[in-house]
Amino acid sequence: MDQTFLEVLVARKRNMAAAVLKIVCGILSVFSLILVPYTVFFLAGALLFGAGAYFFYLQEWIEFEYSYVCRELTVDRIMARSRRKSEADYLVDKIEIGAPEDSYHLDGFRNRNCTVKDYSSRSGRKKYVFYYEGQIKVVLDADEGLVQALHGAAPGKLFLH
């Protein structure tokens, strides 16, 4: 029985557009609050701009945590370095094929019309791709330990090169 436990944390680069929009929405919210005594319209604007600032605050820093336990890969999204949301659970038994992004093993799957779930850092790092249940293409920034564990769980479907 496979008792492997691994955790990998992958951080995306800071989203500068979200950082700027967070500041702009915050400033507009404060100005709307200053003008509240004049009309109710400014109170609604303050609430909308405040909600926008919070939304952009959450989108500024995004990290993904991959947890591999007993033939199951769980992906969590961590927003603003404080709020965690479970994204997906993938069973290794339901994976069709997996390999590094540029591997020839994926040639037969490249033109498939699938939903793409990108849990990578979107940087120049080497990405690992697997197809899940024929409908979902999952992109990860898996380190060598996670790739070895996945390959050990299903060596005929998950390739190292």
Side-chain angles (χ1 to χ4, degrees), residues 4-69 72-92 94-95 97-103 106 109-133 135-150 158 160:
T4 305
F5 173 75
L6 287 169
E7 283 186 343
V8 178
L9 188 65
V10 175
R12 285 192 176 162
K13 291 174 69 175
R14 183 178 182 194
N15 186 346
M16 293 306 291
V20 169
L21 288 171
K22 172 187 74 170
I23 293 170
V24 169
C25 283
I27 291 170
L28 290 174
S29 177
V30 169
F31 283 139
S32 294
L33 280 176
I34 292 171
L35 299 173
V36 164
Y38 299 111
T39 64
V40 177
F41 173 73
F42 290 110
L43 179 63
L47 290 174
L48 286 175
F49 287 127
Y54 179 72
F55 172 75
F56 291 122
Y57 163 73
L58 290 177
Q59 297 302 315
E60 185 177 358
W61 298 100
I62 293 183
E63 300 172 328
F64 291 103
E65 181 183 64
Y66 315 137
S67 300
Y68 176 73
V69 182
E72 181 178 6
L73 179 68
T74 303
V75 180
D76 293 337
R77 176 187 295 233
I78 303 169
M79 296 176 286
R81 297 182 176 161
S82 62
R83 188 167 179 220
R84 178 182 298 264
K85 179 183 175 191
S86 180
E87 287 290 315
D89 294 324
Y90 300 106
L91 296 173
V92 173
K94 294 184 179 181
I95 294 175
I97 190 167
E101 188 176 39
D102 57 353
S103 175
L106 298 175
F109 293 84
R110 294 202 196 279
N111 292 329
R112 266 196 187 177
N113 191 11
C114 301
T115 304
V116 177
K117 301 289 184 173
D118 189 359
Y119 304 120
S120 68
S121 65
R122 296 182 180 164
S123 64
R125 295 178 60 186
K126 189 173 182 179
K127 294 178 180 64
Y128 195 81
V129 176
F130 66 83
Y131 288 86
Y132 189 75
E133 292 185 329
Q135 303 167 3
I136 302 171
K137 176 184 176 182
V138 180
V139 181
L140 305 171
D141 270 354
D143 67 347
E144 193 64 33
L146 182 60
V147 171
Q148 289 288 343
L150 289 171
L158 299 164
L160 301 174

Legend entry - side-chain contact (heavy atoms from CB on, under 4.5 Å) partners of Leu33, counting only residues at least two apart: Val36, Ala46
Inset, instruction - Output the distance between atom CG (Leu73) and atom CG (Leu6), rounded to the nearest 0.5 Å. - result: 10.0 Å
Inset, instruction - Taking the side chain as every heavy atom from C-beta outward, state whether Cys114 and Gln135 have any pair of such atoms under 4.5 Å apart. - result: no
Inset, instruction - Not counting sequence neighbours, which residues clear salt bridge (charged side-chain N to carboxylate O under 4.0 Å, His left out) with Asp143? List them please. - result: none
Legend entry - Contacts of Asp102 that satisfy side-chain contact (heavy atoms from CB on, under 4.5 Å) - sequence neighbours left out: Pro100, Lys126
Inset, instruction - Starting at SG of Cys25, measure out to OH of Tyr54 and round the result to the nearest 0.5 Å. - result: 14.5 Å
Legend entry - Atom pair CZ (Phe55) and CG (Leu21), whose distance is rounded to the nearest 0.5 Å: 10.0 Å
Inset, instruction - Check whether more than 12 heavy atoms from other residues, nucleotides or ligands sit under 6.0 Å from atom NZ of Lys117, and answer yes or no. - result: no
Legend entry - Contact check, side chains of Met79 and Trp61, non-hydrogen atoms, under 4.5 Å: no
Legend entry - Between CG on residue Asp141 and OG on residue Ser121, distance to nearest 0.5 Å: 3.5 Å
Inset, instruction - Any chance you could lay out the side-chain contact (heavy atoms from CB on, under 4.5 Å) test for Arg12 and Phe64, step after step, and finish with the verdict? - result: CA-CA 8 Å; Arg12 285 192 176 162; Phe64 291 103; 3.5 Å; yes
Could you list the donor-acceptor pairs under 3.5 angstrom formed by side chains in residues 83-92, with sequence neighbours left out?
| residue | atom | partner | partner atom | Å |
| --- | --- | --- | --- | --- |
| Arg84 | NH1 | Glu65 | OE1 | 2.5 |
| Arg84 | NH1 | Asp76 | OD2 | 3.2 |
| Glu87 | OE2 | Arg77 | NE | 3.2 |
| Asp89 | OD1 | Thr74 | OG1 | 3.1 |
| Tyr90 | OH | Tyr119 | OH | 3.2 |

Inset, instruction - Quick one: list whatever passes side-chain contact (heavy atoms from CB on, under 4.5 Å) with Glu63, sequence neighbours left out. - result: Leu9, Ala11, Ile78, Arg81
Legend entry - Results of salt bridge (charged side-chain N to carboxylate O under 4.0 Å, His left out) for Glu133 - residues two or more places apart only: Lys94
Legend entry - Where at least one partner belongs to residues 36-57, residue pairs that pass salt bridge (charged side-chain N to carboxylate O under 4.0 Å, His left out), sequence neighbours excluded: none
Legend entry - Closest heavy-atom pair and its distance - Val10, Ser120: CG1-C, 4.3 Å
Inset, instruction - Give a yes or no on this: more than 12 heavy atoms of other residues, nucleotides or ligands lie within 6.0 Å of atom OH of Tyr57. - result: no
Inset, instruction - Would you sort out whether Leu106 and Val129 count as a side-chain contact (heavy atoms from CB on, under 4.5 Å), showing the intermediate values? - result: CA-CA 9 Å; Leu106 298 175; Val129 176; 3.9 Å; yes
Legend entry - Closest contact, heavy atoms only, Tyr128 versus Ala142: CB-CB, 4.1 Å
Inset, instruction - Could you note down all residue pairs passing side chain to side chain donor-acceptor pair (under 3.5 Å) where residues 20-35 supplies at least one of them, sequence neighbours left out? - result: Lys22-Glu60
Legend entry - Value rounded to 0.5 Å, distance of CG in Leu158 from CD in Gln148: 11.5 Å
Legend entry - Within residues 38-52 or reaching into it, pairs that qualify as salt bridge (charged side-chain N to carboxylate O under 4.0 Å, His left out) - sequence neighbours excluded: none
Legend entry - ring pair (Phe, Tyr, Trp, His ring centres under 6.0 Å) partners for Phe109, two or more places apart: Tyr131
Legend entry - Spacing of CG belonging to Leu160 relative to CG belonging to Leu150, to within rounding of 0.5 Å: 9.5 Å
Inset, instruction - Name all pairs fulfilling the salt bridge (charged side-chain N to carboxylate O under 4.0 Å, His left out) condition that reach into residues 33-58, sequence neighbours left out, sorted by first residue then second. - result: none
Legend entry - Contact list for residues 43-55, test salt bridge (charged side-chain N to carboxylate O under 4.0 Å, His left out), sequence neighbours left out: none
